[in-house]
Amino acid sequence: MSAQRPAHGPARDGHLHAWAELLRAPAALTVPGDVLAGTAAAGTRPTGRTALAAGASLCLYEAGMALNDWADREEDATARPHRPLPSGRVRPGAALAAAGLLSAAGLALAACAGRRALAVAGPLAATVWAYDLGLKHTPAGPAAMAAARSLDLLLGAAAGPGAVRRAIVPAAFLGSHTLAVSLVSRRETEGGSSTAPLTALAAAGALTTVLAGRPTAHPAPPSDKATRAVRAALAASYAATFARPLAHAALNPSPELTQRAVGAGVRATIALQSGLMARAGAPGTGVLTATLAPLAAHLARKVSTT
């Protein structure tokens with residue numbers, strides 16, 4: 001009787017790690033906050049439909065990650081041969097199939113969340129595919145990435161009974177942050193420019209002021225001393241996460257410091273989402289969402305070192 005291969009072993013673990021790397025598992029923790037921020041901005045509480053919208057958002061995000069590496073497989077073979085596709089740890093066909101299946105699953109979950117949610121998820125999926133397959137390396141790339149994040153927040157608003165129009169301004173704030181990070185990321189491999197980090201630093205300062213300031217929603221959510229303290233703390237967390245690495249990259253725009261600024265910008269997305277929730281009158285949800293940040297940082301270390 002021949003010996004059977006154990007269910008869990010180095011080969012299987014390595015395969016799972018390759019997929020976690022391909023799908024950028026740590027960054028996936030920045031996704032649920034989009035939907036929750038949209039729900040809060042629309043003036044409603046999370047429901048089962050919110051969970052379905054969050055699932056749709058996560059599927060579409062991961063579809064974009066898989067499609068990104070499939071589209072960049074030839075470039076990565078030269079510039080990033082350690083990535084899962086050029087290293088042979090994941091087959092290109094499997095990555096493309098995963099992108100298609102995840103997109104279909106995302107749209108199906110959005111449909112279960114309601115017609116309004118599907119009406120936002122459709123353009124979101126189209127934006128993801130257009131970005132990865134054509135827009136990423138054009139001047140429109142950063143704007144497309146920003147549009148995807150803004151639509152993701154609107155997806156949360158559309159999944160509930162609230163007014164989607166109330167989420168337009170918060171969606172623009174999230175899109176502005178994403179645009180700033182995307183502009184910086186364009187020089188992360190070669191560095192050499194202080195313009196993008198300085199521009200992003202100015203945007204981060206403006207968003208910090210917005211998060212810490214008085215809500216502008218009509219009617220304005222209740223704001224007691226504790227709520228104001230939460231807003232201030234989340235605004236400070238956003239600034240502390242993003243501003244310092246940007247300042248370093250602006251002073252010395254080396255590839256290493258630019259890459260650190262980009263990573264900080266991705267992590268700061270959670271603090272921004274949390275601040276937007278508190279600004280919309282949902283400080284408790286914002287604080288809970290903020291706890292995803294250290295978890296994402298821990299997972300990032302695990303994925304990068306395993």
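- Side chain of S176 to main chain of A172: a donor-acceptor pair is present (N/O by atom type, distance under 3.5 Å, no hydrogens or angles).
- Between V184 and A200, the shortest heavy-atom contact is CG2-CB, 3.8 Å.
- A donor-acceptor pair shorter than 3.5 Å can be found between the side chains of S87 and R89.
- Under a hydrophobic-cluster definition in which Ile, Leu, Val, Met, Phe, Trp and Tyr are linked whenever side-chain heavy atoms come within less than 4.5 Å, directly or via other members, V210 and V169 are assigned to the same cluster.
- Within the hydrophobic cluster formed by Ile, Leu, Val, Met, Phe, Trp and Tyr side chains joined at under 4.5 Å, directly or through other members, L101 stands alone, with no partner residue.
- Scanning both residues, T39 and P46, for their nearest heavy atoms gives CG2-N, 3.9 Å.
- For the pair T289 and M277, the minimum side-chain heavy-atom distance is below 4.5 Å.
- A 4.5 Å side-chain heavy-atom check between L96 and L67 finds at least one atom pair inside the cut-off.
- A side-chain donor-acceptor contact under 3.5 Å links S57 and D152.
- T269 OG1 to F242 CZ: the interatomic distance, rounded to the nearest 0.5 Å, is 8.0 Å.
- Both L153 and L207 belong to a single network of hydrophobic side chains, linked directly or stepwise wherever heavy atoms of I, L, V, M, F, W or Y lie under 4.5 Å apart.
- A salt bridge links R24 with D69: the distance from a Lys NZ or Arg NE/NH1/NH2 to an Asp or Glu carboxylate oxygen falls below 4.0 Å.
- Clustering ILVMFWY residues whenever any of their side-chain heavy atoms sit less than 4.5 angstrom apart, transitively, puts L124 in the very cluster that holds V164.
- Rounding to the nearest 0.5 Å gives a distance of 14.0 Å between OG1 of T227 and CZ of R279.
- For G286 against L234, the heavy-atom pair with the smallest separation is C-CD1, 4.4 Å.
- Between A66 and L23, the closest heavy-atom pair is CB-CD2, 4.0 Å.
- Between V287 and V230 there is a side-chain heavy-atom pair separated by less than 4.5 Å.
- Judged purely by atom type and a 3.5 angstrom limit, E21 has no side-chain atom pairing as donor or acceptor with the backbone of P84.
- Within the 4.5 Å cutoff, the side chain of R186 has heavy atoms near those of the P142 side chain.
- Considering only heavy atoms from C-beta on, L85 stays 4.5 Å or farther from D76 through its side chain.
- Residues Q273 and R149 have side chains in contact (heavy-atom distance under 4.5 Å, counting atoms from C-beta outward).
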Would R83 and D72 count as a salt bridge (Lys or Arg N to Asp or Glu O under 4.0 Å) here? Give the steps. CA-CA 10 Å; R83 292 292 301 159; D72 285 352; over 6 Å; no
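- Hydrophobic clustering (ILVMFWY, side-chain heavy atoms < 4.5 Å, transitive): L151 and V128 are in one cluster.
- Counting only heavy atoms from C-beta outward, the side chains of L211 and F173 never approach each other to under 4.5 Å.
- The heavy-atom pair separating A261 from L246 by the smallest distance is CB-CD2, 4.1 Å.
- In the hydrophobic clustering of this structure, V120 does not group with V31; members are Ile, Leu, Val, Met, Phe, Trp, Tyr whose side-chain heavy atoms approach within less than 4.5 Å, directly or through other members.
- Heavy-atom minimum distance, A121 versus L60: O-CD1, 4.1 Å.
- Within the 4.5 Å cutoff, the side chain of M145 has no heavy atoms near those of the L179 side chain.
- The CG atom of N252 sits 5.0 Å away from atom CG of L257, with the distance rounded to the nearest 0.5 Å.
- Counting side-chain heavy-atom gaps under 4.5 Å among Ile, Leu, Val, Met, Phe, Trp and Tyr, the cluster of L107 also holds L118.
- In this structure, CG in L299 is found 6.5 Å from CG in L295, a value given to the nearest 0.5 Å.
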